[in-house]
Structure formats: structure tokens, C-alpha cells
There are 4 protein chains.
Amino acid sequence: MTDTSKEKTTEQKIEDAAVELFSNKGFHETSMRDLAAEAGVAIGTIYHHYEDKNQIMLKMIRRALEEREKTIQELNESNLPVKWQLEKVLRMHLERVQKNETRGKLVLNQLRQPNKAFQQEFNRLYDELANYLTNLFQRGIETGEVTSCNPRVAAYALLGAVETVTLKAVAGKLELTEEFLDNGPRQLTNLLWHGIESSN
Amino acid sequence: MTDTSKEKTTEQKIEDAAVELFSNKGFHETSMRDLAAEAGVAIGTIYHHYEDKNQIMLKMIRRALEEREKTIQELNESNLPVKWQLEKVLRMHLERVQKNETRGKLVLNQLRQPNKAFQQEFNRLYDELANYLTNLFQRGIETGEVTSCNPRVAAYALLGAVETVTLKAVAGKLELTEEFLDNGPRQLTNLLWHGIESSN
Amino acid sequence: MTDTSKEKTTEQKIEDAAVELFSNKGFHETSMRDLAAEAGVAIGTIYHHYEDKNQIMLKMIRRALEEREKTIQELNESNLPVKWQLEKVLRMHLERVQKNETRGKLVLNQLRQPNKAFQQEFNRLYDELANYLTNLFQRGIETGEVTSCNPRVAAYALLGAVETVTLKAVAGKLELTEEFLDNGPRQLTNLLWHGIESSN
Amino acid sequence: MTDTSKEKTTEQKIEDAAVELFSNKGFHETSMRDLAAEAGVAIGTIYHHYEDKNQIMLKMIRRALEEREKTIQELNESNLPVKWQLEKVLRMHLERVQKNETRGKLVLNQLRQPNKAFQQEFNRLYDELANYLTNLFQRGIETGEVTSCNPRVAAYALLGAVETVTLKAVAGKLELTEEFLDNGPRQLTNLLWHGIESSN
DNA sequence: TATGAATGAGACTTCATTCAT
DNA sequence: AATGAATGAAGTCTCATTCAT
């Protein structure tokens with residue numbers, strides 16, 4: 001029984017099953033039975049680790065967002081130029097999704113759900129991202145780096161653009177070549193930064 | 001019994017209830033009982049008009065998207081400059097949402113749901129939009145109006161940006177003043193067109 | 001509008017639909033909607049002709065059995081030899097089923113249903129048949145035409161044998177050649193009469 | 001908690017309730033609520049043990065017929081004279097019904113139902129019986145034990161006769177004295193074997 | 001900690017029946 | 001007489017959750 005680091009813990013098995021099923025079938029379409037079967041544990045076991053079904057989702061969301069939160073706080077405290085921060089944020093986002101496609105899909109799927117019990121906390125965490133970007137743009141406007149605009153609108157526009165591109169990529173609607181995944185963040189930054197107008 | 005055109009048809013009552021509840025509580029969280037109560041009809045009456053619950057959602061989605069499809073086909077056949085078409089599309093979108101906030105919310109909420117029965121048809125309609133924009137940008141690149149970029153990525157980015165801004169506005173996260181709703185499309189077009197870089 | 005005797009009356013349409021569906025799908029599996037659709041009339045129309053669904057079945061059953069009852073009463077009052085009466089009854093039965101297969105199936109299907117509302121009356125009518133045969137055999141025993149046996153047991157055995165053969169024939173499990181339908185009654189009578197023992 | 005072998009298992013409770021209600025009220029007239037109440041368990045519990053309502057009936061049918069199948073296979077492989085096998089089959093049948101009247105009634109009630117989901121498998125099992133008898137008679141004809149006749153017709157006639165007698169007995173229409181139940185099979189065999197003609 | 005049988009509220013859906021037209 | 005939209009009770013089945021082992 002010496003743990004050889006090969007065997008997953010029960011907790012890990014449940015978490016993996018949840019990410020897999022919630023992101024591919026959806027929260028409601030996944031029953032506790034499905035979850036237990038996918039994880040290879042008994043239903044009762046899941047209830048030893050989570051209070052109820054909502055808490056499972058909540059934990060997945062928290063874990064995914066908290067990682068992002070941390071990076072954002074660091075960036076927020078740096079005084080890097082706006083464009084630079086923007087590229088870093090995009091790069092972080094794409095890397096996260098690349099590293100764990102399924103969890104990324106899970107979070108992105110949740111973004112538009114109304115009114116669920118765990119939606120409140122989810123929105124709280126999500127708003128931090130929006131606030132960070134809003135402030136970033138606000139400061140950019142003040143320093144002249146960014147064109148005059150409603151910074152919150154710009155923030156949501158940016159988030160929406162990135163989310164959608166990512167989701168479609170993960171869903172297989174976009175061929176994300178190696179090259180795109182490497183240069184993508186810079187290209188996307190440029191696109192957003194300079195707009196789609198030809199400079200000719 | 002003189003029909004004063006004030007009274008809603010049964011079908012209309014059901015439709016209104018569905019839009020109201022699906023967009024505010026979500027599809028799964030809305031039971032047929034809820035729906036019947038909100039519409040002021042018996043449960044059986046709903047089944048007289050719709051085959052099952054999914055078909056109700058499907059009809060709402062179809063109706064919302066088919067209106068958009070028509071406008072897009074017209075634009076597609078016009079030969080207006082890319083930027084102009086872009087502004088027209090945004091204007092159409094905002095007007096639609098303004099005119100029927102709830103239905104707009106309903107559709108936007110559905111964009112990210114995985115795997116439901118009606119998701120297939122929904123995606124088919126949604127892809128037409130994406131294809132239209134992709135072609136628009138592709139032609140723009142060829143005519144030199146648009147900077148060199150992956151036109152499909154740009155299309156999804158644009159869609160995501162607009163969806164998110166709209167959804168947040170409808171959800172009350174953005175104060176959309178009268179002025180914004182009037183000038184919004186032009187401003188948003190400019191933002192997307194020139195990017196957020198200051199021209200100073 | 002002069003009735004050209006080609007057009008079925010509404011009542012006839014309903015009756016035909018009922019026989020068709022009840023015998024092929026079963027009573028419970030046939031909804032009033034199915035019935036209305038098959039008959040080509042509105043649901044409400046059916047309720048102008050029948051009090052409720054049970055009454056429709058009841059009427060089918062009554063009609064089928066009353067025809068048989070009449071013949072049996074006549075036979076009962078005749079003083080034909082037992083074997084002769086037996087053959088006549090079998091012939092009548094097979095002819096009836098041949099003439100209206102579906103109605104025959106309907107009745108045979110009902111023979112074994114427990115406890116239904118209309119089962120009571122059905123059984124009353126069915127028992128008349130059993131009683132007739134019981135009396136027939138009883139008299140046969142008294143006159144020495146029939147071997148000593150429990151006449152009621154013999155009656156039920158006969159009924160069961162005939163029903164089952166008929167039902168299987170109608171269901172396609174037996175190839176009932178023209179020849180069998182002609183000579184069947186006599187052969188079956190002989191089989192029952194002399195048993196299956198070889199006379200060699 | 002010492003299991004005194006007096007307490008029924010949940011499965012057994014459900015099975016007993018199903019046999020009781022299906023045979024007395026009928027399949028359609030028995031709701032899952034009825035079943036749960038009679039068994040003294042929750043509705044959900046039934047679904048823990050059976051996939052759906054049809055599967056419950058199917059299991060009852062299978063159990064009843066599989067016992068019969070086994071005996072028949074043994075007889076089939078024996079080379080006993082036809083008349084002897086016939087008597088043994090009848091004896092087995094009557095004993096089975098005597099031992100578990102209700103289950104017997106259940107099966108007999110199902111014999112005539114059209115088209116239900118579980119009817120297909122039921123018919124498969126039932127046909128084995130018919131085939132066995134058909135072959136038995138066929139061989140009897142070849143060996144000269146049995147009179148020349150369509151052996152399949154004879155098989156169905158026999159089955160029908162026995163079923164109906166049994167069912168009426170169980171339903172209380174026949175007074176089956178101890179004596180009859182003991183000597184019944186021999187008498188019934190004789191009746192079928194020699195026919196009802198008096199040998200005088 | 002782990003199990004999985006048991007629970008029962010509540011979901012979706014069907015369907016015989018009514019009634020205004 | 002004929003229609004069919006409307007009704008709502010009752011049906012089957014699902015599922016998050018509990019609890020004795």
C-alpha cells in the first residue's frame with residue numbers, strides 16, 4: 001500500500017470525472033450516478049467529499065478561476081505598459097486552456113448560465129477579471145496609451161472575444177496550429193490593439 | 001366576444017412565458033408547471049401546441065435567429081464596403097436586443113450549452129452568422145480593406161465581443177444610456193475597426 | 001348529397017377504426033386520438049356516439065357475441081345429434097372469423113383480460129357459450145353419445161382449443177389453406193370427437 | 001439483526017406484489033404506485049431493481065416459462081411414448097399452477113395480448129412449447145401412435161384446451177376437487193387421447 | 001472512509017373527457 | 001351533428017440525497 005504516486009486519490013478521481021462530464025454533457029445532464037460511474041467510486045463516497053452536487057461544480061470553477069486571479073493580481077501590481085499586460089493575460093489564458101482543455105471548456109460553458117445557486121460566486125470571481133481589465137484600460141486612457149472609450153465596454157468586449165475564440169478552438173471549429181498557439185497571443189493582441197483596419 | 005385584439009392567443013401566452021422564464025431562470029430550472037402557471041394555461045394545453053419541452057426552446061431560438069438570418073442574407077448580397085456592413089450588423093443586433101431584451105438574453109444564454117438535443121440546430125443557425133462574417137473579412141482582406149489575419153478567428157472574436165457586451169448590458173452590468181444605444185454601433189465599430197490603440 | 005351507399009356513416013367509420021386498432025394494438029395502447037385519426041373524425045364526434053371509451057369496446061364485443069348467441073340459441077332448441085351440433089358451432093365460428101378477421105381477433109384478445117370494467121358483461125355473454133356446450137355434452141352423456149366426463153371441463157377445453165387454433169391462424173402462425181378453411185370444421189370435429197389416438 | 005430467514009428480501013417483496021397485482025388487476029391497471037404500496041417499498045426502490053415496468057412483467061413471465069422449458073427439454077430428449085409424455089406435460093402444468101396459482105394466472109392472462117414490448121420474448125418462449133408438442137405429434141404420426149392430422153394444429157388445440165381449463169379453474173369457474181387435481185391429468189389425457197366420443 | 005440500497009419529491013408527458021363554437 | 005382547443009388528474013420515471021453496514 002505504499003503510495004507509488006501512480007494511483008489517483010479518491011478526491012482526484014471524482015474531480016477528473018466531474019470536469020470530464022460537466023464540460024462535455026453539461027451540469028444538469030450529468031447525474032450523480034454518471035459521476036460515480038465515471039470516477040469508479042460509489043455514490044456515497046462522493047458525498048464524503050462534497051456537500052452536494054453544486055459544491056462539486058463550485059470547486060471546479062473556483063480552482064479554475066483562482067489560478068487566474070493570482071496571475072492577475074500580480075499583473076495588476078506591476079506597472080507594465082497596458083499593451084504588454086494585455087498580451088500576458090492572453091498568453092496565460094491560452095496556456096491554461098491548452099494545459100487543461102476540459103476544465104477550460106467547463107468554465108467557459110458556465111459563463112452564460114443564469115441564476116444557478118453557484119452562479120453568484122462564479123460571477124463574483126468573474127467580475128474580478130472584468131474589473132482588472134476595466135482598470136487597466138482606464139489607466140491606459142489616462143496615460144494616453146489607449147483610445148478614448150468606455151473602458152468597461154472594452155473590457156467585456158475583450159473578454160467575450162477571447163472566450164469565444166478559445167471555446168471554438170477547443171470545440172474543434174478552429175484549426176489551432178502549433179504556430180497559432182505560439183504566436184496567437186501576440187497576433188490577437190495586435191488585432192485587438194490596432195483593430196482590423198488595414199494600415200495600407 | 002368582439003375580438004379587441006387586446007387578448008393574447010394561447011400560443012402567444014405560452015411563448016411569452018417561455019421567453020420570460022427560460023431567459024431568467026434557465027431551461028432546466030423552469031418546469032412545465034412553472035411554464036403553465038406563468039402562461040396562465042393548463043399543462044396539457046402546452047402539449048397541445050408543442051411536442052415537448054425541447055421544442056419550445058427550439059422554436060424560441062429559431063424565431064430569434066431566423067430574423068437575423070434574413071438580414072444577413074440581404075447584406076451578404078449587397079456589395080457595401082466591409083466597415084459599413086459591420087456597422088449595419090451591429091446596429092441590427094443591438095436593435096433586436098433592445099426591442100426584445102428577454103428573447104435576446106435567451107439566445108445569448110444558449111450559445112455555450114453543450115450537447116443538448118436542440119443544440120445541433122442552434123449551432124447550424126449560429127454558424128451561418130460566423131460564416132457570413134468570415135467571408136466578409138476574407139473579401140475585405142482581398143480588397144485591402146482589412147488587415148491580414150485569420151478571418152475566421154476575427155469573426156469569432158467579433159461575435160464574442162458583441163455577445164458579451166450585449167449580455168452584460170442586458171444583465172444590468174453596463175449602463176447603456178440612450179446615447180450609447182444610439183451611437184453604440186458606430187462606436188463599437190470604430191473600436192473594433194481601429195483597435196483600442198490611441199492614435200495620438 | 002344523395003347517399004350513394006358508397007360513403008360510410010360516421011358511426012361506421014368509428015366502429016371500423018375501433019376494431020382495427022383495438023385488435024392490433026390493444027385497448028390501452030389505443031388512444032382516443034388514434035381512434036379519431038384512424039376514423040377520420042374529430043375526437044368530439046366520437047363522444048357524440050359513445051359515452052366513453054369503454055362503451056366502444058363493449059359495443060364491439062356485444063356485436064360479435066350476439067351474433068354467435070343467436071345461432072347458439074337456435075342450435076340449442078334444435079335436437080340435432082351432439083356431434084352434428086358440434087360441427088355446426090365450429091363451422092359458424094370459423095366462418096365468422098374468416099368474414100371479419102379483425103373483429104374475431106378483437107374478441108379473442110379480450111378473453112383473458114382480468115377485471116376490466118367491461119369484462120363483466122363480456123364474461124356474461126361468454127358464459128352463455130360455455131353453458132350451451134356444457135349442456136350439450138351433458139345431454140350427450142345422458143344419451144350415450146358422449147363418453148363419461150365432466151361436461152363443463154370438456155366445454156372449456158373445446159372452447160380453448162378452438163380459440164387458440166383460430167387466433168394462431170389469424171396471427172399467421174398457421175397456414176390456413178383454402179382447403180383447411182373448407183374442411184377444417186369437420187376435421188377439427190373429428191379430432192375432438194375421436195381424440196388423437198391412432199385407430200390403427 | 002440475526003437473519004431468521006423469515007424476512008423477505010426487497011426483490012422478493014416486489015416480485016410478490018407484481019404477481020399478485022398483475023394477475024388480478026392486469027398489467028395496465030396496476031400503477032407503479034400500486035405496486036410500491038403492495039410491496040411496501042418506495043417507488044424509487046422498484047426502479048433500483050428493474051429498469052422499467054415492462055421488465056418486471058418480463059421477469060415474471062421468464063421465470064414462469066423457464067421452469068417449464070427445462071422440463072420440456074428433458075422430456076424431449078427422453079424417448080417415452082407420446083401418450084406418456086402428454087400425461088407428464090399435463091401433470092407438470094397442473095402442478096405448477098397449483099403450487100403458484102397467481103403466477104400461473106399471470107402467464108395465462110398474457111397469452112393473448114397483442115403487440116406489447118415484452119410480448120415478443122413471451123412469444124419466443126411460448127413457441128418452444130408449441131414446437132415441442134408439434135414435434136411430439138409429428139413423431140407420433142410417424143410411429144403410428146397418433147392419428148393422421150396437422151400436428152401443429154393439434155398442438156395449438158391442446159395448448160388452448162389446457163390453458164382455458166386451467167384458467168377457468170383458477171378463476172373459480174370450475175370446482176377442482178382434490179380428486180380432480182390428482183386424477184385430472186390422466187383424465188384429461190384420456191379425453192384428448194380418445195376424444196369425447198363414447199366407446200359404447 | 002467507502003458502500004450502494006432505499007427514499008420520495010418532483011420532473012415530463014399522456015390521455016380520456018369537456019365544452020364553446 | 002361535428003369540431004378540436006383546453007383541461008388536469010394520473011401515469012412512468014429520474015435523481016439528489018440519506019443511512020445502516
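A note on names: the letters A, B, ... follow the listed sequences, proteins ahead of strands, and every chain is numbered from 1.
- Pairing analysis of DNA chain E (Watson-Crick: purine N1 to pyrimidine N3 plus N6-O4 or O6-N4; G-U wobble: N1-O2 and O6-N3; both under 3.5 Å) yields stems of 3 or more pairs at E:2-21 with F:2-21.
- Both tests pass for C/Lys53 against the ring of C/Phe27: distance under 6.0 Å to the centre and angle within 45° of the axis.
- The distance between atom CD of D/Gln12 and atom P of E/dA5, rounded to the nearest whole Å, is 17 Å.
- B/Glu29 has its CD atom 14 Å from the C1' atom of F/dA16, to the nearest Å.
- As rounded to whole Å, 14 Å separates atom C1' of E/dG4 from atom CD of D/Glu11.
- Put simply, NE2 on D/His49 and OG1 on D/Thr10 are 5.0 Å apart, with the number rounded to the nearest 0.5 Å.
- Per the geometry, NE2 belonging to D/His49 stands 14 Å off P belonging to E/dG4, to the nearest Å.
- For the pair A/Lys53 NZ and F/dT14 P, the computed distance is 15 Å after rounding to whole Å.
- OP1 or OP2 of F/dA6 lies within a sub-4.0 Å distance of a side-chain N or O belonging to B/Thr10.
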For residues 34-44 of chain B, please give each side-chain donor-acceptor pair under 3.5 Å, one per line with the distance, not counting sequence neighbours.
unit_1	atom_1	unit_2	atom_2	d
B/Asp34	OD1	B/Ser31	OG	3.4
B/Asp34	OD2	B/Lys25	NZ	3.0
B/Asp34	OD2	B/Ser31	N	3.1
B/Asp34	OD2	B/Ser31	OG	3.3

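- Within 4.0 Å (heavy atoms only), A/Thr30 reaches sugar-phosphate atoms of the nucleic acid but no base atom.
- To the nearest angstrom, C1' of F/dT17 lies 9 Å from CG of A/Asp52.
- Of the side-chain N and O atoms in C/His28, none sit less than 4.0 angstrom from OP1 or OP2 of E/dC15.
- Side-chain contact between C/Ile56 and C/Met32 is present, with heavy atoms from C-beta onward closer than 4.5 Å.
- If you measure from atom CD1 of D/Ile56 to atom P of F/dC13, you get 8 Å, rounded to the nearest angstrom.
- By the side chain to side chain donor-acceptor pair (under 3.5 Å) test, D/Tyr47 is found to be paired with no residue, residues two or more places apart in sequence or in another chain being considered.
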Identify each donor-acceptor pair in which a side-chain atom of residues 57-66 of chain A lies under 3.5 Å from a protein atom, sequence neighbours left out, and give them as a table.
unit_1	atom_1	unit_2	atom_2	d
A/Lys59	NZ	A/Glu11	OE2	3.1
A/Arg62	NE	A/Glu121	OE2	2.6
A/Arg62	NH2	A/Glu121	OE1	2.7
A/Arg62	NH2	A/Glu121	OE2	3.1
A/Arg63	NH1	A/Glu15	OE1	3.3
A/Arg63	NH1	A/Glu15	OE2	2.6

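- With sequence neighbours left out, the side chain to side chain donor-acceptor pair (under 3.5 Å) criterion links C/Gln12 to C/Asp16.
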Evaluate C/Thr102 against C/Phe22 for side-chain contact (heavy atoms from CB on, under 4.5 Å), listing each step before the verdict.
CA-CA 9 Å; C/Thr102 335; C/Phe22 287 171; over 6 Å; no
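- Of the candidate nucleotides F/dA16, E/dT13, E/dA16, E/dA16 has the atom lying nearest to any side-chain atom of C/Met32.
- In this structure, C/Ile14 atom CD1 and F/dA2 atom C1' are separated by 10 Å, rounded to whole Å.
- Using a 4.0 Å cutoff on non-hydrogen atoms, the parts of residues 35-48 of chain B near DNA chain F are B/Val41, B/Ala42, B/Gly44, B/Thr45, B/His48, ordered by number.
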Would you check, one step at a time, whether the test side-chain hydrogen bond (donor to acceptor under 3.5 Å, both in side chains) holds for C/Asn24 with C/Glu20?
CA-CA 6 Å; C/Asn24 287 326; C/Glu20 174 67 19; 3.0 Å; yes
